Amino acid sequence: MIGISDLEYLCAEVRQIARKAGAFLCDERQKFDQERVEEKSAHNYVSYVDKESERRLIEQLSTLLPGAGFIAEEGSGSLTDEEYCWVIDPLDGTTNYSQGLPIFTVSIGLQCKGETVLGVVYAPYLNELYEACKGKGAMLNGRSIHVSGKNDTQESVVSTGFPIDKDRNPDNNLDNLARIL
């Protein structure tokens with residue numbers, strides 16, 4: 001298994017890779033072609049930008065950790081029985097992106113034998129980079145973050161999103177949200 005210092009090195013490299021991917025997404029957004037968006041299934045979209053971002057991420061991450069497998073949102077990854085596996089969503093929020101809403105991210109994780117040991121999520125328009133590395137905690141733009149200490153939902157802000165199959169999958173967060181509210 002990769003040690004903590006190796007994970008810290010990998011995390012630093014993944015931060016840079018995520019930022020490059022975010023810059024690519026922002027550049028492409030300026031000339032985005034809505035006609036080149038495909039519907040994979042109901043409310044589940046993919047664009048040429050998703051595919052190109054994924055291709056770039058796989059190329060860079062393969063160089064960073066040769067021999068690792070991939071689980072990739074757009075299906076270009078490969079996973080057999082590799083010890084390490086990158087889990088990537090090259091454009092998390094394609095619907096928002098395609099509609100001009102600046103709420104989307106580049107998401108990259110690394111698993112070792114099925115255990116997540118590293119994660120980086122970059123929201124380029126917000127310039128927010130979230131990261132976590134096993135044994136090191138979570139950070140936002142280099143500063144340590146943690147969950148709120150509030151115990152009462154009346155003092156809290158609750159935010160959620162809904163899965164693309166919320167209308168046909170009974171196992172979604174709608175019931176949980178109703179209980180919280």
Side-chain angles (χ1 to χ4, degrees), residues 1-26 44 46 49-97 101-149 156-165 171-173 176:
M1 168 136 175
I2 294 174
I4 291 293
S5 62
D6 295 323
L7 279 176
E8 289 174 342
Y9 166 77
L10 284 174
C11 197
E13 294 296 311
V14 172
R15 284 193 306 263
Q16 295 309 310
I17 290 170
R19 286 188 186 280
K20 285 180 193 173
F24 167 74
L25 297 178
C26 289
N44 186 7
V46 64
V49 179
D50 296 75
K51 293 176 182 178
E52 177 59 18
S53 181
E54 182 168 291
R55 187 195 66 72
R56 290 172 179 218
L57 287 171
I58 288 175
E59 179 181 290
Q60 292 172 63
L61 294 169
S62 293
T63 301
L64 183 60
L65 192 59
F70 284 89
I71 298 173
E73 174 77 11
E74 306 314 331
S76 60
S78 62
L79 176 65
T80 53
D81 61 351
E82 293 87 357
E83 180 178 13
Y84 291 97
C85 178
W86 293 106
V87 181
I88 59 174
D89 189 340
L91 173 49
D92 191 359
T94 300
T95 300
N96 287 351
Y97 183 89
L101 298 173
I103 304 169
F104 57 86
T105 64
V106 176
S107 301
I108 305 169
L110 178 63
Q111 294 182 335
C112 176
K113 298 179 184 173
E115 176 188 15
T116 302
V117 295
L118 177 153
V120 171
V121 176
Y122 180 52
Y125 269 98
L126 301 173
N127 194 31
E128 292 183 346
L129 190 136
Y130 296 85
E131 64 183 281
C133 182
K134 184 177 180 178
K136 300 301 276 182
M139 302 180 80
L140 166 59
N141 292 342
R143 294 193 342 234
S144 182
I145 57 174
H146 54 82
V147 297
S148 167
S156 303
V157 173
V158 177
S159 176
T160 188
F162 296 98
I164 58 171
D165 63 349
D171 185 24
N172 66 55
N173 60 342
N176 289 331

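Fair warning: this is a prediction, and the values are worked out from it, not measured in the lab.
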**Asked** Should L110 and L65 count as side-chain neighbours, where that means a heavy-atom distance under 4.5 Å?
**Response** yes

**Asked** Shortest non-hydrogen contact from L64 to L10?
**Response** CG-CD2, 3.6 Å

**Complete:** P124 and C26 have their tightest heavy-atom pair at CB-SG, 3.6 Å

**Item:** Pairwise distance CG(D92) to OG1(T94) - rounded to 0.5 angstrom
**Value:** 7.5 Å

**Prompt:** Looking only at heavy atoms, what is the nearest atom pair of E82 and G67, with distance?
**Reply:** CG-O, 3.1 Å

**Prompt:** Hey, does P102 have a side-chain heavy atom less than 4.5 Å from the side chain of L126?
**Reply:** no

**Request:** Rounded to the nearest 0.5 Å, what's the gap from CZ on F104 to OH on Y122? Could you check?
**Result:** 9.5 Å

**Item:** Approximate separation, where rounding is to 0.5 Å, of H146 NE2 and L140 CG
**Value:** 11.5 Å

**Request:** Please confirm whether the backbone N or O of V49 pairs with a side-chain atom of Y97, one donor and one acceptor, at under 3.5 Å?
**Result:** no

**Request:** Carefully, step by step, assess E54 and K51 under the rule salt bridge (Lys or Arg N to Asp or Glu O under 4.0 Å).
**Result:** CA-CA 5 Å; E54 182 168 291; K51 293 176 182 178; over 6 Å; no

**Message:** With heavy-atom distances below 4.5 Å as the criterion, would you say the side chains of V106 and L57 are in contact?
**Reply:** yes

**Message:** With a 4.0 Å cut-off on N to O distance, would you call R56 and E59 a salt bridge?
**Reply:** no

**Prompt:** Does L61 reach the side chain of F70, with side-chain heavy atoms less than 4.5 Å apart?
**Reply:** yes

**Asked** Rounded to the nearest 0.5 Å, how far apart are CD1 of I108 and CZ of R15?
**Response** 12.0 Å

**Request:** Dump the intermediate steps for side chain to side chain contact (heavy atoms under 4.5 Å, CB included) on Y125 and L101, then the final yes or no.
**Result:** CA-CA 10 Å; Y125 269 98; L101 298 173; over 6 Å; no

**Request:** To the nearest 0.5 angstrom, please state how far the CD1 atom of I88 sits from the CD atom of Q60.
**Result:** 10.0 Å

**Complete:** When rounded to the nearest 0.5 Å, the distance separating CG of L129 from OG1 of T105 is 10.5 Å

**Prompt:** Would you find a donor on one side and an acceptor on the other, under 3.5 Å apart, between the side chain of S53 and the backbone of P90?
**Reply:** yes

**Message:** Tell me if a side-chain donor or acceptor on N141 pairs with a main-chain N or O of N127 at a distance below 3.5 Å.
**Reply:** yes

